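A short worksheet on the structure shown next.
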Amino acid sequence: MTARIIDGSALSLRIRDDVARRVVELAKQGVRPGLAVVLVGDNPASQVYVRNKVMACEKAGLHSVKEQYPATMSEAELLQRIAVLNGDPTIHGILVQLPLPSHMDAHKVIEAIAPEKDVDGFHISNAGLLMTGQPLFRPCTPYGVMKMLESERVPLRGAEAVIVGASNIVGKPMAMLLLAAGATVTLCNSKTRDLRAQTRRADVLVVATGKPGIVTGDMIKPGAVVIDVGINRGEDGKLRGDVDFDSAVQVAGAITPVPGGVGPMTIAMLLVNTVEAAERLR
Ligand code: GUN
């Protein structure tokens with residue numbers, strides 16, 4: 001038996017339709033949600049992500065501003081731009097695309113964003129709120145994963161959830177959301193001694209490492225729900241996930257494809273967070 005494919009593209013379109021409806025409601029009150037996306041440097045993947053985010057805003061009727069700066073921009077200049085956006089009443093959400101050039105301290109930059117406009121949910125106060133069970137913004141990728149699990153009616157209470165990759169952007173907030181949903185959570189990292197032993201226990205397996213094919217079918221419990229957060233461009237130009245899809249699809253009960261899985265959900269949840277920010281700030 002092969003796994004059911006979880007269609008993130010289709011679900012993301014439904015969520016974006018709902019966002020567009022909320023934008024119409026806000027317009028009746030004279031509010032147009034605005035997102036500022038800030039990109040520093042010329043990382044090709046970041047450029048694609050930022051373009052997709054801005055396009056999705058426009059389609060849903062949000063106001064969006066793309067600010068692109070050269071890698072030579074100083075940290076002080078970036079902090080100054082963020083201060084201006086913090087005070088701009090037409091901007092409800094601010095996103096600084098990561099990674100930043102190495103001469104910048106990403107923590108310092110993120111901490112400069114007003115927490116009530118931090119639609120990525122990366123600010124320490126938002127991370128703290130999530131950790132203590134009172135989230136203001138859920139980070140977009142883990143939030144999108146939760147929406148996928150919800151739409152597939154995956155039971156989470158008491159489930160064994162294993163996350164591979166412990167980043168601040170995905171792994172750690174993913175752990176908090178799954179924990180809040182009642183799962184027993186294992187968070188694996190690059191030092192995990194026997195990764196296979198961990199992943200084999202998972203009813204829900206989330207893989208977010210940036211290492212293509214790190215999880216193969218033999219590492220998956222038969223029937224498990226497998227969520228592949230990785231987006232890796234191979235030498236052939238094709239996108240691949242962190243999960244070896246061809247072997248995993250033979251074992252899993254349900255699996256997300258790459259592309260067309262988690263990626264479009266991240267963008268949809270960014271729109272949700274931006275509309276929520278505008279609804280709160282209006
Ligand atoms: N780089 C990779 N993923 C993300 C994300 O979700 N937000 C931002 N700001 N940068 C990223």
Side-chain angles (χ1 to χ4, degrees), residues 8 12 15 35-57 64-69 71 73 75 78-79 81-82 85-86 91-102 104-115 117-124 126-127 130 135-148 163 165-177 206-212 227-233 239 241-242 256 258-259 261-274 276-277:
S12 74
I15 292 172
L35 174 69
V37 183
V38 181
L39 174 60
V40 185
D42 47 16
N43 180 311
S46 290
Q47 288 188 344
V48 174
Y49 296 146
V50 164
R51 193 182 331 126
N52 289 341
K53 288 171 183 177
V54 170
M55 267 177 4
C57 278
S64 68
V65 181
K66 178 176 152 190
E67 297 199 4
Q68 187 159 4
Y69 299 106
M73 181 189 216
E75 187 184 90
L78 179 57
L79 295 175
R81 274 313 303 159
I82 292 172
L85 293 168
N86 283 341
I91 295 298
H92 304 90
I94 302 169
L95 178 154
V96 177
Q97 185 67 27
L98 302 175
L100 285 168
S102 55
M104 291 189 184
D105 178 350
H107 291 290
K108 196 169 164 190
V109 170
I110 290 166
E111 267 39 288
I113 298 171
K117 295 192 177 186
D118 169 39
V119 285
D120 262 328
F122 294 166
H123 192 286
I124 46 171
N126 283 321
L130 177 65
L136 186 66
F137 295 111
R138 296 161 181 85
C140 304
T141 299
Y143 193 8
V145 171
M146 294 305 288
K147 286 286 169 193
M148 293 173 117
I163 303 160
S167 68
N168 289 336
I169 294 180
V170 183
K172 288 183 204 167
M174 188 78 252
M176 291 303 137
L177 292 173
V206 181
V207 190
T209 64
K211 297 194 180 99
I227 307 287
D228 189 350
V229 178
I231 303 179
N232 311 286
R233 197 170 288 281
L239 292 181
D242 290 356
T256 62
V258 177
V262 174
M265 292 299 295
T266 296
I267 295 182
M269 301 326 290
L270 173 65
L271 302 186
V272 169
N273 280 348
T274 305
E276 257 174 43

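Atoms within each ligand, like the ligands themselves, are counted from 1 in listed order. Computed over heavy atoms, backbone and side chain alike; hydrogens, waters and symmetry mates excluded. The structure displayed is predicted, hence computed values, not measured ones.
- The CG atom of Leu79 lies 9.0 Å from the CE atom of Met73; values are rounded to the nearest 0.5 Å.
- Scanning all protein heavy atoms for the shortest distance to atom 1 (N) of ligand 1 gives Leu98 O, 3.0 Å.
- Applying the 4.0 Å criterion to heavy atoms of Leu95 picks out, from ligand 1, the atoms 9 (N).
- The backbone N or O of Ala127 lies less than 3.5 Å from no partner atom in the side chain of Lys172, so there is not a single donor-acceptor pair.
- With a 4.0 Å heavy-atom cut-off, ligand 1 is reached by the backbone of Val96 but not by any atom from C-beta on.
- Counting heavy atoms from C-beta on, the side chains of Leu270 and Lys53 come closer than 4.5 Å.
- Checked by atom type and distance alone, the side chain of Asn126 pairs as donor or acceptor with a backbone atom of Pro115 at under 3.5 Å.
- Between Ile267 and Ala56, the shortest heavy-atom distance links the atoms CG2-CB, 3.4 Å.
- The protein heavy-atom contact nearest to atom 11 (C) of ligand 1 is Gln97 NE2, 3.4 Å.
- The protein non-hydrogen atom at the shortest distance from atom 8 (C) of ligand 1 is Asp120 OD2, 3.4 Å.
- At least one heavy atom of Phe122 sits less than 4.0 Å from an atom of ligand 1.
- Regarding atom 3 (N) of ligand 1, its nearest protein heavy-atom neighbour is Ile169 CG2, 4.3 Å.
- Counting heavy atoms of neighbouring residues, nucleotides and ligands inside a 6.0 Å radius, atom CG of Asp105 exceeds 12 of them.
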